[in-house]
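As structure tokens, the structure follows; a few thoughts come after it.
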There are 2 protein chains.
Amino acid sequence: MKYSVSEENYIKAIYHLQQEVDRVNTMLLASTLETKPASITDMLKKLKTKRLLDYKPYYGFKLSAEGNRVALVIIRRHRLWEFFLAEKLKFSWEEVHEMAEDLEHVSNKKLIDKLDAFLGYPKFDPHGDPIPDQDGKIQKEEHVLLSELKVKAQGRVTKIKSHSTKIMDLIAHQQMNIGSKITVKKVFEFDESMEIVIDGKTTKNISKQLANNIFIANDK
Amino acid sequence: MKYSVSEENYIKAIYHLQQEVDRVNTMLLASTLETKPASITDMLKKLKTKRLLDYKPYYGFKLSAEGNRVALVIIRRHRLWEFFLAEKLKFSWEEVHEMAEDLEHVSNKKLIDKLDAFLGYPKFDPHGDPIPDQDGKIQKEEHVLLSELKVKAQGRVTKIKSHSTKIMDLIAHQQMNIGSKITVKKVFEFDESMEIVIDGKTTKNISKQLANNIFIANDK
DNA sequence: AATATTTTTTAGGTTTGTCTAAATTTTATA
DNA sequence: TATAAAATTTAGACAAACCTAAAAAATATT
Ligand SMILES: [Mn+2]
Ligand SMILES: [Mn+2]
Ligand SMILES: [Mn+2]
Ligand SMILES: [Mn+2]
């Protein structure tokens, strides 16, 4: 089955919201897609008749098994393109999301599988999010917040929680990046700020708020 | 200015038809786009109000200077993606056109320019058609039909006239390709068939009809 | 020159995806 | 529990891009 750009954007948005809440509701989806609630209701009916959605009026909704499968196909396309843009075309990882938002709707399966091969079957996109494979399987990476690490613990930065420009600014300035190796040197009781070493080179002090937004995979 | 997928497809189709005829007409465009004449008229009016088209009812139409500029942007995108698909993803050159038909509408300029750089600023797409540069300039390659070459002449295959599967079949079987070096060994008067050497290795006999569909750049 | 044929445009509809405004249902509050 | 507020759906409209059928204009044929 082939779905329209709009349908795909709805499916993907519902999938992402479901990672946070169990049953998505109209208002929430309207605000993330920046449309009006009435438009959401229209699309919900359509997705329901296409059997992509479990939906009872007034009771919220969730993707069907098939809806989930479709969502993962779209997310696979999105993240592979993001990886391509960052890795091959040398875009910074803040720039890639918007372009991938369009590229994800080019839906030729053979194209995506060949792209995957060309990129060397990457497991994570530039933001550290997992890339579903051909069967929709995603590799779960166990990561913890940097703020939860104890002194002497170390690991690699896998993901940033929020992608706001404010946080990006700070992180870029600190010369941290996805993949950077982090070692915790000290944790100060006063404000829970940390002293860390980045890639075995530079030593930095970071606030609790910042450490709360950085995910780390335990290196071992 | 940003144009819809439909608008872009119309603009590009008009551009291509103008390479053959001076003023395009409704029927011709309808048949190449596989739509009805009434739909063409609707779009012509829209393109006219957007100043992309010179159009007087009943008198045929042609792209304005701006329309031409836009067409070349779309063709640049199309051919760069084709080059990417063939060169990097290892698609055969018969497969790339259809996928490029979708990718050409992803219109982020920085993306296309970076793709261009990544590919090494190629001048010709896998079919041998020239790729417009950032300013819409296209490199004119002087090529002649293989059938016009005399004995001992040599050159490289730059382009195939028709892209029908029937011709593709034959050409693939003869192990010819864009870029193959061709040397004419003999021309038989009886049926004007030729004996040629491909890439200095294999010797083949080809019919006048086939030679009439293969463009050659004079190597020198 | 008159008539027939072809081409093009116009008129009026349909589908998709959006919207506003109003009605309905659910949830919260007094 | 009655009422107020919020969330959701319905009703009706609109733009984009298509369509069919009919009218109008251009071109070809007798
Ligand atoms: Mn993204
Ligand atoms: Mn999207
Ligand atoms: Mn092409
Ligand atoms: Mn296209």
Side-chain angles (χ1 to χ4, degrees), chain A residues 1-14 17-18 20-63 67 70-71 74 101-102 104-107, chain B residues 1-14 17-18 20-63 67 70-71 74 101-102 104-107:
Chain A
M1 252 279 91
K2 248 216 134 204
Y3 301 102
S4 72
V5 170
S6 260
E7 286 169 332
E8 289 192 349
N9 284 333
Y10 274 79
I11 293 164
K12 193 178 58 140
I14 295 169
L17 289 173
Q18 280 185 11
E20 322 253 307
V21 295
D22 201 61
R23 286 209 141 226
V24 187
N25 60 272
T26 307
M27 290 292 282
L28 181 59
L29 187 53
S31 85
T32 60
L33 286 176
E34 293 179 291
T35 58
K36 302 292 158 172
S39 309
I40 301 292
T41 305
D42 285 347
M43 183 60 89
L44 295 180
K45 287 183 198 161
K46 196 164 38 138
L47 295 178
K48 185 199 164 93
T49 57
K50 295 198 177 182
R51 307 190 166 287
L52 297 170
L53 199 67
D54 247 22
Y55 165 57
K56 273 197 155 191
Y58 294 106
Y59 280 82
F61 45 91
K62 66 194 287 197
L63 292 173
V70 173
I74 302 162
E101 207 54 54
D102 290 334
E104 71 187 359
H105 304 293
V106 177
S107 58
Chain B
M1 252 280 92
K2 246 216 137 203
Y3 301 101
S4 74
V5 169
S6 259
E7 287 169 331
E8 290 192 348
N9 284 334
Y10 275 79
I11 294 164
K12 192 178 60 142
I14 296 169
L17 289 173
Q18 279 185 11
E20 322 251 307
V21 295
D22 200 61
R23 282 207 146 230
V24 187
N25 61 273
T26 308
M27 291 292 282
L28 181 59
L29 186 52
S31 85
T32 60
L33 287 176
E34 292 177 292
T35 58
K36 302 291 158 172
S39 309
I40 300 294
T41 305
D42 284 348
M43 184 60 89
L44 294 181
K45 286 182 197 160
K46 195 163 40 136
L47 295 179
K48 185 199 164 94
T49 57
K50 295 197 177 183
R51 308 191 167 286
L52 297 170
L53 198 66
D54 246 21
Y55 165 56
K56 271 198 157 191
Y58 294 106
Y59 280 82
F61 44 91
K62 65 194 289 196
L63 292 173
V70 173
I74 302 163
E101 208 54 53
D102 290 333
E104 70 187 1
H105 304 293
V106 177
S107 58

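So that the names make sense, note that chain A is the first sequence line, chain B the second, and so on, each numbered from 1.
Here A:Thr35 contributes atom OG1 and A:Ile40 contributes atom CD1; the two are 3.5 Å apart, rounded to the nearest 0.5 Å.
Within the nucleic acid shown, B:Pro57 comes within 4.0 Å of sugar-phosphate atoms alone, with no base atom in reach, counting heavy atoms only. Contact annotation for A:Thr26: backbone-only contact, meaning every heavy-atom pair under 4.0 Å involves sugar-phosphate atoms and none involves a base. Nucleic acid contact for A:Phe61: none, since no nucleic acid atom lies under 4.0 Å from a heavy atom of the residue. Within the nucleic acid shown, A:Thr41 comes within 4.0 Å of at least one base atom, counting heavy atoms only.
The phosphate of D:dC18 has OP1 or OP2 within less than 4.0 Å of a side-chain N or O from B:Tyr10. Close to D:dA16, at under 4.0 Å from its OP1 or OP2, lies no side-chain N or O of B:Ser6.
Atom NZ of A:Lys36 and atom P of C:dT18 are 13 Å apart (whole Å). Protein atom CG of B:Asn25 is 11 Å distant from nucleotide atom P of D:dT27, rounded to whole Å. Distance, B:Met43 CE to D:dC18 C1': 10 Å, rounded to whole Å. Atom CE of B:Met27 and atom P of C:dT6 are 10 Å apart (whole Å). Rounded to an integer number of Å, the gap from CG of A:Leu53 to P of D:dT8 is 14 Å. With rounding to whole Å, A:Leu44 atom CG is found 12 Å from C:dT18 atom P. Straight-line distance from the OH atom of B:Tyr59 to the P atom of D:dA25: 12 Å, rounded to whole Å. With rounding to whole Å, B:Ile40 atom CD1 is found 10 Å from C:dT9 atom P.
One N or O on the side chain of B:Lys48 and one on the backbone of B:Tyr55 form a donor-acceptor pair closer than 3.5 Å. Proximity of a side-chain donor or acceptor of B:Arg23 to a complementary backbone N or O of B:Tyr59 within less than 3.5 Å is detected.
Closest approach of A:Asn9 and A:Glu104 over heavy atoms only: OD1-OE2, 3.3 Å.
The residue among A:Lys56 and B:Tyr58 whose nearest nucleotide of DNA chain D is located toward the 5' end is A:Lys56.
Taking the charged nitrogens against the carboxylate oxygens, B:Glu101 and B:Lys12 do have a contact shorter than 4.0 Å, which makes a salt bridge.
Which of D:dT8, C:dT10, C:dC19 sits closest to the side chain of B:Ala38 comes down to C:dT10.
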